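Below: one structure, written as structure tokens.
Keep in mind it's a predicted model, so treat the numbers as computed, not measured. Here is the naming used below: chain letters follow the sequence lines, and residue numbers restart at 1 for every chain.
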2 protein chains.
Amino acid sequence: MTGGKVERKRRMPRAERERQMMAVAEEIFADRGYLAASMDDIAELCGVSKPMIYEYFGSKEGLLVACIRQARTELAKATTESVVGSTSAEEALRRGLVAFFEFTDTHRRAWSLMLRSEAAVAGPAAAAEIEAGRQEQVEIDLALFKAFLPDAPHQDLEAAAQIVVGACERLSLWYVNQDEVTAEQAADHLMRALWTGLSSMVEN
Amino acid sequence: MTGGKVERKRRMPRAERERQMMAVAEEIFADRGYLAASMDDIAELCGVSKPMIYEYFGSKEGLLVACIRQARTELAKATTESVVGSTSAEEALRRGLVAFFEFTDTHRRAWSLMLRSEAAVAGPAAAAEIEAGRQEQVEIDLALFKAFLPDAPHQDLEAAAQIVVGACERLSLWYVNQDEVTAEQAADHLMRALWTGLSSMVEN
DNA sequence: GAGTCAAGCTTACTCTGAGTAGGTTACTTG
DNA sequence: CAAGTAACCTACTCAGAGTAAGCTTGACTC
């Protein structure tokens with residue numbers, strides 16, 4: 001089944017074991033949902049006993065938070081890097097959108113952890129982690145708009161940033177279920193729907 | 001504290017007891033989150049023992065689903081009714097948006113149940129109930145766009161509907177935390193950001 | 001090699017909270 | 001008032017999160 005070597009029950013240094021646990025947890029959480037995932041099962045799949053997970057992550061929610069934080073970091077990295085070298089605000093936004101949709105497609109498990117908010121229900125720490133991720137995106141968009149439209153009312157730009165983030169989330173769900181739609185097309189849809197409206201704000 | 005009569009431990013017919021249970025549950029779920037809410041606590045606040053809730057709702061998730069379904073029905077009713085009598089697509093969309101934002105403000109508890117998806121984690125039935133609510137909104141928007149832009153590619157309109165629903169969700173969260181923003185203004189922000197883009201689709 | 005320290009790991013619990021079996025009370029109707 | 005049923009209760013089971021206390025293995029001194 002698994003291509004690599006099997007090596008059951010090896011002793012591992014902490015860092016490596018933590019990575020393995022997070023990989024297993026991400027899969028189990030995404031597959032079964034947070035509630036239905038049991039720590040005993042996760043431990044067994046790691047070839048290790050339950051207290052080890054508690055030793056390293058503190059609690060079930062702590063394990064989930066670690067998974068979410070990792071996904072969040074990767075997403076922020078992917079979108080941020082995609083924007084460098086853009087020569088216009090429009091290009092920057094479009095590139096960011098494409099990177100975002102690509103991420104949600106290639107990292108489906110990680111994304112479903114953040115989006116389907118297996119978290120909101122999990123507890124305050126997990127919910128906060130998710131909301132922080134969204135807020136991060138809002139700040140990025142806001143900075144972009146502010147640079148492009150310095151004279152537009154602040155409230156308008158804030159609302160616009162919220163709109164983009166919300167639209168991205170929802171559109172990503174739709175997009176990953178449409179086989180014939182590419183990340184570029186998803187980004188295009190969003191640009192077409194939003195861009196004229198956004199750029200017209202300067203005249204308001 | 002509570003304004004009305006107290007009447008502790010009255011016997012009630014099923015329908016009335018169910019309504020009371022849902023009201024209590026909505027509050028507890030919204031306040032503490034699904035996980036932290038215990039069925040024993042809800043039962044006690046109803047002045048009744050736990051098996052009664054199981055008799056009427058089957059499970060904890062069943063109780064949550066009932067709460068969500070009620071909120072969903074109310075939201076659909078409010079937005080649908082707000083649109084009747086509109087003389088243009090633009091007016092219909094704007095009215096629907098205003099009704100939506102008003103609902104999220106006046107029914108905060110109900111809305112937070114649906115939005116913060118205290119549900120996705122709860123289980124498949126609750127998640128399905130939430131997704132059904134979103135899909136309902138998508139269908140409504142899609143029908144509206146289709147009527148106004150019969151020649152635009154279907155995929156474009158579908159994407160547009162998803163965008164509107166996603167943007168609404170996110171913007172509603174922002175809006176309920178901004179005291180100085182009215183429902184009309186929130187709807188305005190969305191219309192300004194989206195309308196020109198949407199209506200230009202006809203030329204594509 | 002013997003001693004010792006720590007990191008990685010385990011067994012065997014406790015305790016909370018969802019869900020249930022089986023019985024009791026009180027209102028209605030003939 | 002007998003009988004039936006709707007509303008309700010006490011007292012459990014059971015799964016799964018979280019923990020206490022100790023075992024094992026390898027590396028590093030002397």
Assign a letter to each nucleotide of nucleotides 4-11 of chain C from its 5' end: B, base within under 4.0 Å of a protein heavy atom; S, sugar-phosphate only; -, no contact. ---BBBBB
Using 30° and 60° as the class boundaries, would you call the ring planes of B:Tyr175 and B:Phe101 parallel, tilted or perpendicular? perpendicular
Boundaries of the DNA chain D segment in contact with chain A, non-hydrogen, under 4.0 Å: D:dA17 to D:dT25
Integer-rounded Å distance: [N] [atom2] and [X] [atom1]:
X	N	atom1	atom2	value
A:Asp40	C:dA12	CG	P	15 Å
A:Tyr54	C:dC13	OH	P	19 Å
B:Ile53	C:dA18	CD1	P	10 Å
B:Ile28	C:dG17	CD1	C1'	15 Å

Just by distance, do the side chain of B:Asn177 and the backbone of B:Leu173 share a donor-acceptor pair under 3.5 Å? yes
Distance-only, no hydrogens or angles: does the A:Ser86 side chain make a donor-acceptor pair with backbone N or O of A:Val83 under 3.5 Å? yes
Among side-chain atoms of A:Arg134 and A:Gln137, is any donor-acceptor pair under 3.5 angstrom? no
Charged N to carboxylate O under 4.0 angstrom, A:Asp156 versus B:Arg192? yes
Answer yes or no: does atom NZ of B:Lys146 have more than 12 heavy-atom neighbours from other residues, nucleotides or ligands under 6.0 Å? yes
Atom CD of A:Glu44: over 12 foreign heavy atoms under 6.0 Å: no
Have a look at B:Ala43 and say if it touches a base, only the backbone sugar-phosphate, or nothing, with a 4.0 Å heavy-atom cut-off. nothing
Test applied, salt bridge (charged side-chain N to carboxylate O under 4.0 Å, His left out); reference residue, B:Arg170; option that passes from A:Glu131, A:Glu169, A:Glu158: A:Glu131
